Colleague: 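Below you will find the structure I want to go over with you.
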Amino acid sequence: MNESTIMNYFKAISAIPRASFNEKGMHDYLVNFANERGLKVISDAMWNVIIFKPASTGYENAPSVMLQGHTDMVAEKDSSSDHNFDTDGLELYEEDGFLKAKGTTLGADNGVAVAYMLALLDDKNAKHPALECVFTVQEETGLTGAEKIDVSMLESRLVIGLDSSGESEIYVSSCGGARAVLNRDVTFENKTMKTVTVAITGLFGGHSGGEIDKERGNANKIAGILMYRAAQLMDVRVVAFAGGDKMNAITREATFTLAVEDIQAFKDFYETATNEFKLQYAASDAGLAFSLTEGETEKVLDIDASRAVITSLFMLPYGVIQMSKDIEGLVITSSNIGKVTLTDTTYEVQMSIRATQAFVKDTVLAQVDWIGRQCGMQSEFSAKYPGWMYDPQSKFREHTERAYRELRGEAMKHEATHGGMELGIWSDKLPGSDIVSFGPIMYDIHTPLERLDIGSFERTYEFLVVLLEGLNNY
């Protein structure tokens, strides 16, 4: 099976709309593909699909291998694009050695994996052990397909994840996580008071799975500290609060309004405190800026609700909690205060908690729940997924690295991510599994600038074929 075949398959699936929650077309394509080739196929109501291919001659005694990727893609487009992700296929083109999509995301994450698996399933001359190819859905919205799929019929304990990038990089671990939402009812009371509105801006922000180790400021957390420190010096009431857009993004901007008796006393405190914050983040978030506006209000949060807002944002954890000692620079536990809203009736905080070890993740969730309860808030935890812990004794990783070194004449680089991957779910669902993950070079995934290095796309498939061929004596 030559390299042009994988490109043909990538183009074929790119013609099928496959944004998250719209994977029915991909399901039908995969099921028809398997039936046309006489391959065993099973699927479920979520549109997850598993296709089985028997071992090649001479590989009957080799351990079976699970290949894994997801069929959905992030649907983002330029403001000028009229593309309809519900009905339209992608408009692909090549430029300077890269594959791109006109005005939209490319879906190389994770169309690459789908194309690789289809090519292997279709290749009658390929040499490999028995293959169990798993195509999941809704990965981009919380790993839901992998969480719900029944894998009890799978025999493989060697797993190759194809949802990575870098070509010469082998992924060795990923984080588990959960989403937390804390909320409570609030009551305002009529009271005319002077106010100060503080806007926190200029922060870098970033993804809480990728940039949490950069020691960047979180506007929600900074606001909580400012409000709490002010409340230690003077009587304050909360009037308004808004910060952040997504629970898994480090908050760049937040604005809060406090009712205060003595404007000048607050301004004196504010000047000192904001200078301290700028000093604290001078190296990691030098753009941090504050502005203050005076005003007046006729309603304020009651005392209990004001204390809840201020105390929760002061106490809820933000940032790195634990670093790995096995892999230099890897965060293994963190917490992010992503989105905070205050309406006329409700106060809500959305958080993203990440930890490689399930026990540690549950401990942080218990801490968050306890803090919430002290503030009269109810906690709801969802989208829980396990981490994939680094295995220093992985035989399959050693085999994969050796195969790459023999093919390319260079060593693979170990990569670990603080983000979540489906591989954590497989390690949990398939006890005793030995997992590796790799993929081709891609840039700017999840954006309309997404592009796939065509040469790397082809070389990585070549390596995958060689890796499987070498398993007859595993």
Side-chain angles (χ1 to χ4, degrees), residues 1 3-37 39-53 67-78 81-94 98-123 131 133-146 148-149 162-163 165 422 439-440 442 444-452 454 457-458 461:
M1 188 68 64
E3 290 83 1
S4 63
T5 301
I6 58 173
M7 182 60 74
N8 287 339
Y9 275 120
F10 189 90
K11 291 179 178 179
I13 64 174
S14 296
I16 303 170
R18 55 188 181 92
S20 301
F21 303 103
N22 188 32
E23 303 100 326
K24 179 63 163 57
M26 279 299 305
H27 163 274
D28 294 348
Y29 177 90
L30 293 170
V31 170
N32 290 336
F33 170 95
N35 288 334
E36 289 172 357
R37 290 157 181 79
L39 299 173
K40 178 183 175 181
V41 58
I42 60 175
S43 63
D44 61 24
M46 289 191 70
W47 306 327
N48 291 305
V49 177
I50 303 176
I51 302 177
F52 301 80
K53 186 180 182 185
L67 300 175
Q68 177 269 325
H70 60 89
T71 59
D72 64 318
M73 62 175 284
V74 170
E76 293 289 337
K77 63 181 180 179
D78 290 333
S81 173
D82 60 359
H83 183 89
N84 185 336
F85 282 103
D86 291 335
T87 58
D88 300 341
L90 304 177
E91 188 174 343
L92 305 183
Y93 68 99
E94 297 181 16
F98 291 95
L99 185 68
K100 304 178 181 180
K102 185 177 180 181
T104 69
T105 40
L106 175 63
D109 176 19
N110 196 214
V112 162
V114 177
Y116 285 174
M117 288 189 282
L118 291 174
L120 279 167
L121 290 168
D122 198 29
D123 190 347
L131 300 180
C133 295
V134 179
F135 304 83
T136 54
V137 298
Q138 297 175 31
E139 190 273 348
E140 301 291 3
T141 56
L143 315 183
T144 312
K148 300 296 186 182
I149 192 173
L162 297 169
D163 190 11
S165 62
E422 289 176 313
M442 297 176 280
D444 295 318
I445 63 172
H446 299 177
T447 80
L449 297 176
E450 183 179 1
R451 56 201 184 279
L452 170 65
I454 296 173
F457 178 48
E458 296 172 345
Y461 180 70

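Note that these values count all heavy atoms, side chains included, but never hydrogens, waters or copies made by symmetry. These numbers come from a predicted model, not from an experiment.
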Colleague: If you take all heavy atoms of Glu140 and Ser20, which pair is closest and at what distance?
Modeller: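 Here Glu140 and Ser20 meet closest at CB-OG, 3.6 Å.
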Colleague: Could you check whether the rings of Phe33 and Tyr29 sit parallel, tilted or perpendicular, using 30° and 60° as the cut-offs?
Modeller: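 Geometry flag for Tyr29 against Phe33: parallel rings.
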Colleague: Please examine the side chains of Leu99 and Met7, heavy atoms only from C-beta on, and report whether any two atoms are closer than 4.5 Å.
Modeller: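 Met7 vs Leu99: side chains touch.
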Colleague: Do Leu92 and Leu106 come close enough that some side-chain heavy atom pair is under 4.5 Å?
Modeller: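 Result yes, sub-4.5 Å side-chain heavy-atom pair found.
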Colleague: Write down the atom of Asn48, the atom of Val137, and the distance for their closest heavy-atom approach.
Modeller: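 Distance-wise, the nearest heavy atoms are OD1-N, 3.0 Å.
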Colleague: For Asn84, look at atom CG and say whether over 12 heavy atoms of other residues, nucleotides or ligands are found less than 6.0 Å away.
Modeller: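 For Asn84, atom CG is crowded (more than 12 foreign heavy atoms under 6.0 Å).
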Colleague: Is it the case that atom NZ in Lys77 sees more than 12 heavy atoms from other parts of the structure closer than 6.0 Å?
Modeller: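 Enclosed.
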Colleague: What's the spacing between Glu422 CD and Asp163 CG if we round to 0.5 Å?
Modeller: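 CG of Asp163 is found 6.5 Å from CD of Glu422.
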Colleague: Which heavy atom of Phe457 sits nearest to which heavy atom of Ala115, and what is that distance?
Modeller: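 In this case the closest contact between Phe457 and Ala115 is CZ-CB, 4.2 Å.
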Colleague: Measure the acute angle between the ring planes of Tyr461 and Tyr116, then classify it against the limits of 30° and 60° as parallel, tilted or perpendicular.
Modeller: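 Because their plane-to-plane angle lies in the 30° to 60° range, the rings of Tyr461 and Tyr116 count as tilted.
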Colleague: Side chains of Asp109 and His70, heavy atoms from C-beta outward: is any pair under 4.5 Å?
Modeller: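 Yes - at least one pair of side-chain heavy atoms lies under 4.5 Å apart.
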Colleague: Rounded to the nearest 0.5 Å, how far does CD1 of Ile149 lie from CD1 of Ile50?
Modeller: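 Spacing of CD1 (Ile50) from CD1 (Ile149) equals 4.0 Å.
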Colleague: Go through it in stages, so that I can follow the logic: the residues are His27 and Ser43, the test is side chain to side chain donor-acceptor pair (under 3.5 Å), and I'd like the CA-CA distance, side-chain angles, deciding distance and then a yes or no.
Modeller: CA-CA 8 Å; His27 163 274; Ser43 63; 3.0 Å; yes
